[in-house]
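Input: a single structure, listed below in structure tokens.
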Amino acid sequence: RRRGGGGELGLFPSLLLLLIKTQISISKSSSKFGIEIPKNMEENRNENPNPTSPPQPPPPPKKPPIPPYVKALSGSLGGIMEAACLQPIDVIKTRLQLDRTGTYKGIIHCGATVVRTEGVRALWKGLTPFATHLTLKYALRMGSNAVLQGAFKDAETGKVSNHGRLISGFGAGVLEALVIVTPFEVVKIRLQQQKGLSLGLLKYKGPIHCARTIIREEGIRGLWSGAAPTVMRNGTNQAAMFTAKNAFDVLLWKKHEGDGRVLLPWQSMISGFLAGTAGPICTGPFDVVKTRLMAQSRGVDGKMKYKGMIHAIRTIYAEEGLLALWKGLLPRLMRIPPGQAIMWTVADQVIGLYEKRYLRNAPL
């Protein structure tokens, strides 16, 4: 009996091993023949494969973008400040570009001659159309660039690539050139090229009278004289400027759009100044041709000297030499980079204020 009892007790390990082998073979067969394991068992198995590791935090939610109207408002406020500060340099630049007889020996001589012969107020000739056109131009530029960049944003990260910034900037420059810049600059340049302060001796009495006279004598198309070089100049300028401004903000100050940080005014001035430097050098010939086309009016024979952008480039090169295509470059470098520094200082503060007040606490 003891042997028999020992034999019965000895069967238990064997039966236990048999049950384990059977369970293993059943699970193998279920996977082999496509029998599904219940989902709750599978989820519990995969939910936390390593119980000792902490659970992964969810990805941070994307912040809402800055509305285009905020950027448009920031640009218009920056344009008003820029126009008030830099109008004299723009007058000197225009006088130098229109000087074909060598009357002015340089920037300082030109400014001093204007003040001596026409008075200090002459340095602010054309301020009304200049300030109005800058305000509208920057509003359209900043707003349209924000809309165009929205089409190039990555759906997951919300970031814009460099080629997206280039295309958006070029599109914003073309749009502002056709809608605002060309007609306003035609009026501004016609007013700036007049010498003297006596209204009785001036052909154009003011911005409205100037526009009406141009339309009456040259037709509505006269307000769009020089549109082609203006499109090329502004498109190239804005493509470079928006890309460079973002690059300098990230490189110098680690500032990313929408991060809630506000650059200090001097930081915005440095980034804006550097971003506005390359454009004038690259687009000098377009600017000279634009000014010549906008300033010309029909002669006694009823003909225009320059028939278009290409003809103007060839004529200026043949009559005045290659360097004449970069006339007024120094005053442009004295005006555009400081102008961008002033504009971006104001614009960054407005955009930063919006980010701090609304985006930081916005529901996500």
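As the structure is a computational prediction, the values presented were derived from the model and not from experiment.
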Should the pair [X]-[Y] be classified as a salt bridge under the 4.0 Å nitrogen-to-oxygen rule?
{"X": "Arg100", "Y": "Glu320", "result": "no"}
{"X": "Asp249", "Y": "Lys254", "result": "no"}
{"X": "Glu319", "Y": "Arg314", "result": "no"}
{"X": "Arg190", "Y": "Glu217", "result": "no"}

Task: salt bridge (charged side-chain N to carboxylate O under 4.0 Å, His left out) between Arg212 and Glu218, worked out - done: CA-CA 10 Å; Arg212 287 177 177 175; Glu218 306 170 36; over 6 Å; no
Task: Polar side chain donor-acceptor pair, Glu176 to Tyr138, under 3.5 angstrom - done: no
TODO: Give a yes-or-no answer on whether the side chains of Gln267 and Asp348 include a donor-acceptor pair shorter than 3.5 Å.
DONE: no
How long is the gap from [atom1] on [X] to [atom2] on [Y], to the nearest 0.5 Å?
{"X": "Phe273", "Y": "Thr277", "atom1": "CZ", "atom2": "OG1", "answer": "5.0 Å"}
{"X": "Phe286", "Y": "Ile313", "atom1": "CZ", "atom2": "CD1", "answer": "6.0 Å"}
{"X": "Thr94", "Y": "Met294", "atom1": "OG1", "atom2": "CE", "answer": "10.5 Å"}
{"X": "Tyr317", "Y": "Leu322", "atom1": "OH", "atom2": "CG", "answer": "6.0 Å"}

- [ ] Just do the side-chain contact (heavy atoms from CB on, under 4.5 Å) check on Leu330 and Lys93 with the steps written out, would you?
- [x] CA-CA 8 Å; Leu330 189 55; Lys93 181 211 76 166; over 6 Å; no
Task: Trace of the salt bridge (charged side-chain N to carboxylate O under 4.0 Å, His left out) decision for Lys255 with Glu355 - done: CA-CA 13 Å; Lys255 160 68 179 169; Glu355 287 184 6; 3.2 Å; yes
Open item on the list: Which residues end up grouped with Ile270 if you chain together Ile, Leu, Val, Met, Phe, Trp and Tyr wherever their side-chain heavy atoms are less than 4.5 Å apart?
Closed with: Phe248, Leu252, Trp253, Leu263, Leu264, Trp266, Leu274
Open item on the list: Tell me every residue that passes side chain to side chain donor-acceptor pair (under 3.5 Å) with Asn145, counting only those two or more places apart in sequence or in another chain.
Closed with: none
Task: Criterion side chain to side chain donor-acceptor pair (under 3.5 Å) on Thr243 and Asn162, from CA distance to verdict - done: CA-CA 7 Å; Thr243 305; Asn162 285 332; 6.0 Å; no
Task: Candidate pair Gln97 and Thr291, rule side chain to side chain donor-acceptor pair (under 3.5 Å), full reasoning - done: CA-CA 7 Å; Gln97 288 182 337; Thr291 303; 2.7 Å; yes
TODO: Please name the residue in the list Arg95, Lys188, Arg332 that meets the side-chain hydrogen bond (donor to acceptor under 3.5 Å, both in side chains) test with Asp90.
DONE: Lys188
TODO: Mind running side-chain contact (heavy atoms from CB on, under 4.5 Å) on Ser76 and Ile80 for me, showing each step along the way?
DONE: CA-CA 6 Å; Ser76 63; Ile80 294 172; 5.8 Å; no
